[in-house]
Amino acid sequence: MLAIFSHHLWKTVIVAPQGKLQGALDIVFSSASDGVILFNIISGFLLAMPYLGPECRPFAGYRSFLQKRFLRIIPPYYLALLLFTLANILHFGFPLIPALDTLLQHLLFINSLNYSNMFLNLSHFWYLGLLAQFYLLFPFALRLFLRIGPTRAALSIIALCWGSWMILAWVLPTTDPAYPGMAENLMHFNLPGRLPEFAIGMWLASLWNPSGVSDRMPVLERSFSLFAAAMVIYVIAGTPFSSLMSLPLIHVYHVAISAIVCLILLLWPPVARAGESPFLKAVAAQSYAIYIVHHPLFSYLGVMPSKVTHTLGNFVILTALLLPLSYLLAKILNWLSAEIMNRFSRREPR
């Protein structure tokens, strides 16, 4: 979440990097958007662990799964949507009908299918649409993993999705004025192009043994080891040419980097010990709500590309101010949504 926050603020403050230092930092903060990929891998890993991991639990059912997952993401998201839509109308003078149309798209989780939403201060909500798509598909993906085996399932999903993306990019190039942003919109911001990230996490879950550090080596079984080696080779060979890559090759490049980072984190004991920190637990508990509030907050405080001096000092100062403020607003949002849900639960007939 910190990486994604930094990426969004950097791209808002430092629009066109000047000098060697800003140029070097631009590479770092541009790559920080890979926090989304890392989150996708971890999401696939954690959701699949009960069913593909050592416990091998039976799946509770499609309806039960969706109810739990959507009740986790909907309350703070819907509350924020209503508040931000009202704020956009009052603060920015958004026309009522377009604002309500945009609101409806977000409420139905189809906003990521409309590329024009990427130009609003709600642009980061494309990810909620992607997450909803994955939740809807997860039970079917899990069934595939259980039926044909994790290795074959993961590699089949990766080959199908990325292969289709490459064909789409070839048939409908993004430079074609007849299809502006078609490949990015359909693949980069929606499930077809992003499902391999979740599948890698599910594959990891099937190999994982959390009983101790010495028992984690089964993660590196032969087929996954070959896959990991291929990703390392792709990163090493592709780095000199990364600036020349376009979608989908550049996305595969960043997935490879993120998967390597995820493996290091999973296999590195200090990470587990750091996770016991009360501070990290407190911040992690608000991370989803921080994601929801941070980008609109920038716009309401006037932190926009056309209104902020593009200096490194401004970026540092705004980070120090906006990160704690985002955390505070996230806590308020989570508290309000919890209060609303508690009131509804009390009204339900017993």
With side chains defined as the heavy atoms from C-beta onward, is the minimum distance between [X] and [Y] less than 4.5 Å?
X: S31; Y: H254; answer: yes
X: L82; Y: L103; answer: yes
X: P150; Y: M202; answer: no
X: N121; Y: Y300; answer: yes
X: I158; Y: I200; answer: yes
X: F125; Y: L81; answer: yes

Review point. Has F92 got more than 12 heavy atoms of other residues, nucleotides or ligands less than 6.0 Å from its CZ?
Key: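 Atom CZ in F92 is packed in, count exceeds 12.
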Quiz item: More than 12 heavy atoms of other residues, nucleotides or ligands under 6.0 Å from NZ of K11: is that the case?
Solution: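 Enclosed.
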V303-F119 co-clustered via ILVMFWY side chain contacts under 4.5 Å
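Linked, V303 and F119 end up in one cluster.
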So, do [X] and [Y] have ring centers that fall under 6.0 Å from each other?
X: F5; Y: F298; result: yes
X: Y77; Y: Y288; result: no
X: Y127; Y: F189; result: no
X: F65; Y: Y51; result: no

